[in-house]
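Letters A, B, ... mirror the listed sequences (proteins, then strands); counts begin at 1.
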Amino acid sequence: MDTHANPSAADARPVLEGPDIARVLTRIAHEIVERAKGADDVVLLGIPTRGVFLAQRLAAKLEQITDRTVPVGSLDITMYRDDLRMHPPRALARTEIPGDGIDGRLVVLVDDVLFSGRTIRAALDALNDIGRPRAVQLAVLVDRGHRELPIRADYVGKNLPTSLRETVKVQLTEEDGRDTVLLGAKPAGQ
Amino acid sequence: MHRHLISAADLTRDDAVLILDTAEEMARVAARPIKKLPTLRGRTIVNLFFEDSTRTRISFEAAEKRLSADVINFTAKGSSVSKGESLKDTAQTLEAMGVDAVVIRHGASGAPYRLANSGWIDAAVINAGDGTHQHPTQALLDAFTLRRRLTGRDTGLGQDLSGKRVTVVGDVLHSRVARSNVDLLHTLGAEVTLVAPPTLLPIGVESWPCAVSYDLDSTLPKSDAVMMLRVQRERMNAAFFPTEREYARRYGLDGDRMARLPGHAIVMHPGPMVRGMEITAEVADSDRCTAVEQVANGVSIRMAVLYLLLGGNEPAVTHARPSVSHHQPADERSAHTPFTAEEK
């Protein structure tokens, strides 16, 4: 499977644009503060690649709201995937846990798209090996449905009902030069 | 499809950099309280050691266990090999047991190649040192140590060793470490100079991709790293130099010689060190000597190699690719990208 199912410009339709993404993240930041009653013990862990940038943006917004520095890290889940033996091994991305660790903290996992739920399952396994958080929550920019595991997000930027014949592509300024979420048709044969 | 690691010369620059980058992430696992990943769960790896080597064997074993593989240690001493069993029979026994990878150390140059290419066995073969031929994971861990010390842990990611000058000193003739290092360091863009007595240089060394010198003192000021080799007495069947004292005076590294190195330069040794002959205690115990660091890095490198060869349904390290590989279109490189939205 070509993992870069890059919807071609012609048939991809933007469902979130730059300002929408900023608004959505602001709302999620407020929801985190509300549910965590402040953000005292919150640690944000982004899942590479784009989840890390979203986590950094959320941390900046949390700091604006609470006047407190929120630790941000990244959690690469490649080694914990259950489908490793179905593909060639991939280059590993960075795992960086903030200096104080995650023991007893409220860890908010941040990712761009929630789909089958297998990435999040892998992330929960990875967290197990790194420490014991007080609680783990999940924030995603887009929930496109089609879960294969009993996992749901605590904070959702946009619920996007999709068909399996569609692809969702998140582009972020840090990586792709612009902020947008594109919904397109999956190329034939995939 | 190549799915073995037999020689450092088989690796392309991109492969080598991918292994070094992967090892950098593996090194982070070693810093955690739980040093374990589930990646190779259910895979069986045999450490097939026909020659004694505690250091390399436990390094592989630690790497295999940290990746959750099932490990079988097989030493020739006291096994059927001492009763006269051939390599072929041993291989077929392992094949019947459903082994996924064989890490082999053998006194005969070429034994791992034979094992990988004879059709006796389906498993991936990783060379852990064969005769005086190759020791690819040692070269990779040396390159990893060099890149970490000379370029930096994080700034080194994605980088090769272009422009770095490495001097390899000592018993080049008997050293698979020297051969592997010359191949790999050349692939990674470093300039290598071999320094040894003429009697300890192999025939044909002129054709190797490196410079050769008999004079250590004049080479030192131009070196970013000095790699001392062990004098392999057990492989020496003739007198290669008059006395140990003379060898130490001309080719041993002591404090005075170390002072001739540029300030940033490091001293490396693959171990075990013969103190007083190849290297003085003063040098071996100084913070410029990376011998202990190399041992720790060895586990990270072996984890990276095992993951890249065994972690997926086919290896990520594709040996002997055309050298234009880094110009290939992006979609053929998708194996090297993180998971995307389509797999979440």
Side-chain angles (χ1 to χ4, degrees), chain A residues 1-6 47-52 76-97 101 103 111-120 122 125-126 128-131 140-144 146-147 164 166-170 181-182 186 190, chain B residues 1 3 14-15 17-29 31-43 66-68 100 153-154 157-158 303-318 329-344:
Chain A
M1 182 171 66
D2 181 1
T3 54
H4 275 286
N6 201 349
I47 296 173
T49 312
R50 290 174 184 79
V52 179
D76 179 50
I77 48 83
T78 307
M79 307 286 274
Y80 294 86
R81 289 290 296 205
D82 55 9
D83 58 357
L84 268 178
R85 291 181 66 168
M86 297 159 75
H87 308 282
R90 293 152 189 274
L92 304 181
R94 176 66 64 86
T95 294
E96 193 102 61
I97 304 301
D103 289 346
D111 206 357
D112 51 355
V113 179
L114 180 56
F115 186 24
S116 65
R118 288 179 191 269
T119 296
I120 303 307
D125 274 1
N128 236 354
D129 284 355
I130 290 164
V140 294
L141 186 60
V142 176
D143 182 349
R144 64 167 294 190
H146 304 291
R147 214 76 77 239
L164 282 171
E166 290 172 312
T167 62
V168 176
K169 172 98 180 151
V170 174
V181 177
L182 298 168
K186 202 174 232 179
Q190 288 189 31
Chain B
M1 173 62 64
R3 31 198 207 88
D14 286 0
D15 285 335
V17 171
L18 173 65
I19 295 172
L20 300 189
D21 287 354
T22 305
E24 202 64 73
E25 289 307 318
M26 296 297 184
R28 291 169 191 276
V29 176
R32 293 189 200 163
I34 299 175
K35 302 173 181 46
K36 191 118 176 150
L37 293 164
T39 316
L40 296 184
R41 205 158 47 92
R43 301 281 188 125
R66 283 188 187 171
L67 292 171
S68 304
D100 295 295
R153 282 177 74 147
D154 292 334
L157 286 176
M303 286 173 79
V305 167
L306 289 167
Y307 165 67
L308 292 171
L309 287 183
L310 293 180
N313 62 345
E314 54 182 87
V317 177
T318 52
D331 55 336
E332 284 175 29
R333 292 167 63 82
S334 60
H336 293 182
T337 58
F339 289 87
T340 60
E342 290 314 299
E343 297 177 328
K344 305 277 187 181

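For the options B/Leu37, B/Leu308, B/Thr39, heavy-atom pairs under 4.5 Å to chain A are most numerous at B/Thr39. Contacts with chain B were tallied for A/Leu114, A/Ile47, A/Ile130, A/Asp125; A/Ile130 has the most, counting heavy-atom pairs under 4.5 Å. Here B/Asp154 is the residue among B/Leu40, B/Asp154, B/Asp21, B/Val29 with the most heavy-atom pairs under 4.5 Å with chain A.
No donor-acceptor pair under 3.5 Å is formed between the side chain of B/Arg66 and the backbone N or O of B/Met303. Using a distance-only test at 3.5 Å, with no hydrogens or angles considered, no donor-acceptor pair links the side chain of B/Tyr307 to the main chain of A/Ala91.
Residues A/Leu164 and A/Phe115 meet the side-chain proximity criterion, which asks for heavy atoms closer than 4.5 Å.
In this structure, no portion of B/Leu310 lies under 4.5 Å from any heavy atom of chain A. With a 4.5 Å cut-off on non-hydrogen atoms, A/Met79 touches chain B through its backbone and its side chain both.
Each of A/Leu141, A/Val168, A/Val140, A/Thr119 was evaluated against A/Val113; a single residue qualifies, A/Val168, per the side-chain contact (heavy atoms from CB on, under 4.5 Å) test.
Between A/Asp111 and A/Arg118 there is no salt bridge, since no side-chain nitrogen of the basic residue lies less than 4.0 Å from a carboxylate oxygen of the acidic one.
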